[in-house]
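From a predicted model like this one, the values you see are computed outputs, not experimental measurements. Per chain, numbering begins at 1; letters A, B, ... match sequence-line order. Hydrogens, waters and symmetry mates play no part in the numbers below; they use all other heavy atoms, side chains included.
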Amino acid sequence: VAMTKLGQWLCGLALLGSAWAALALEPSGLRLPAPFRQALLPLPLYLLVAFGCYSLATVGYRLATFNDCEEAAAELQEHIRAARTDLRQRGLRF
Amino acid sequence: RFSGNNFEIIIIDDGSPDGTQEVAEQLERIYGSDKILLRPRPSKLGLGTAYIHGMKHATGNFIVIMDADLSHHVSWYFIKQKEGNFDIVSGTRYKGNGGVYGWDLKRKLISRGANFLTQVLLRPGASDLTGSFRLYRKEVLQKLMEKCVSKGYVFQMEMIVRARQLGYTIGEVPITFVDRVYGESKLGGNEIVSFLKGLLTLFATT
């Protein structure tokens with residue numbers, strides 16, 4: 001049975017969260033030199049902000065490159081006109 | 001017709017008040033009832049059951065599902081399908097020269113934002129999940145219908161997500177979404193909320 005996406009996220013977060021907690025907080029077992037721990041501490045926040053920036057940039061880019069299909073729309077109207085004429089000739093009454 | 005494929009068109013109308021049924025009957029007279037199959041239903045019953053209803057009457061190997069008020073080049077879908085022997089071919093507004101017509105900035109932003117969220121949460125393997133134009137192998141559609149439980153357009157999204165899980169191959173074709181040629185489309189707060197609810201449901205259950 002496959003895990004749901006929510007399940008995958010929870011597992012991933014639990015894994016990363018416990019690794020971060022083990023290394024950055026102060027359990028009596030593991031002990032890293034102070035500079036490393038100080039760098040690790042705000043990491044989750046930094047990653048969140050980085051993801052936020054990435055999201056904005058990506059959506060912004062995609063918004064800017066969202067195609068406006070003038071030709072296709074005109075072509076569609078033309079097809080509809082042609083179809084109506086053709087059908088009218090075949091006896092369709094609208 | 002010109003591509004040499006055999007086809008039939010199944011029209012399922014739930015008693016639309018706009019005269020659809022009358023026009024459909026005339027089309028049946030013009031093109032013959034082997035090509036135009038009218039299978040109306042007495043009352044408005046919803047998208048999922050329309051698919052089931054339609055499939056019971058379909059005799060071909062492939063099923064193309066499309067909104068009746070959109071038009072697109074059906075033959076492209078078959079070309080793409082043959083290209084990669086895909087199980088499903090889905091129309092996408094977001095890739096290639098696909099796109100939209102008549103959308104203002106706000107609507108485009110909401111669309112791109114919602115799609116981004118969908119990609120992050122569901123990683124569906126298709127760029128456009130709420131498209132209204134798809135080609136399925138008949139067996140694939142039947143299998144997916146058994147598994148999907150959502151209602152409305154969330155059901156469309158679920159089809160693609162489940163298809164991915166079951167290992168079906170999905171090809172994409174760029175489409176142009178011209179805003180309802182004969183009417184207005186709504187995109188208000190209610191639609192957004194219900195979309196988010198549907199997305200989160202899929203996130204938690206698939």
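Counting heavy atoms of neighbouring residues, nucleotides and ligands inside a 6.0 Å radius, atom CD of A:Q8 exceeds 12 of them. Few gaps surround NZ on B:K138; more than 12 heavy atoms of other groups in view lie less than 6.0 Å from it.
Using a 4.5 Å cut-off between heavy atoms, B:L27 touches chain A through backbone and side chain atoms alike. Interface remark: B:V161 contributes no atoms to any contact with chain A (heavy atom separation under 4.5 Å). Within the 4.5 angstrom heavy-atom criterion, no atom of A:Y61 approaches chain B. In this structure, chain A has no heavy atom under 4.5 Å from any part of B:L202.
Listed for the B:N97 side chain is no donor-acceptor partner under 3.5 Å among the backbone atoms of A:N67. Side-chain N or O atoms of A:R62 include none that pairs as donor or acceptor with a backbone N or O of B:R112 at under 3.5 Å.
Shown here for A:L63 and B:L105, the closest heavy-atom pair between the two residues is CD1-O, 4.1 Å. Closest heavy-atom contact between B:L109 and A:V59: CD1-CG1, 4.0 Å. Summarising the geometry of B:L122 relative to A:K5, their closest heavy-atom pair is O-CE, 2.9 Å, with the distance given to 0.1 Å. When every heavy atom of B:I30 is checked against every heavy atom of A:R90, the shortest pair comes out as CG2-CD, 3.7 Å. Residue A:D68 comes nearest to B:K108 through the heavy atom pair OD2-NZ, 2.9 Å, listed as atom of the first residue, atom of the second, then distance. In terms of heavy-atom proximity, A:C69 sits nearest to B:Y101 at O-CD1, 3.7 Å.
For the atom pair CD of A:E75 and OG1 of B:T176, the computed distance is 8.0 Å after rounding to the nearest 0.5 Å.
Taking the six-membered ring where the residue is Trp, A:W9 and B:F203 present perpendicular rings, their angle passing 60° and hence far from 30°.
In this structure, A:L56 and B:F116 have side chains that are not in contact, with every pair of non-hydrogen atoms separated by 4.5 Å or more.
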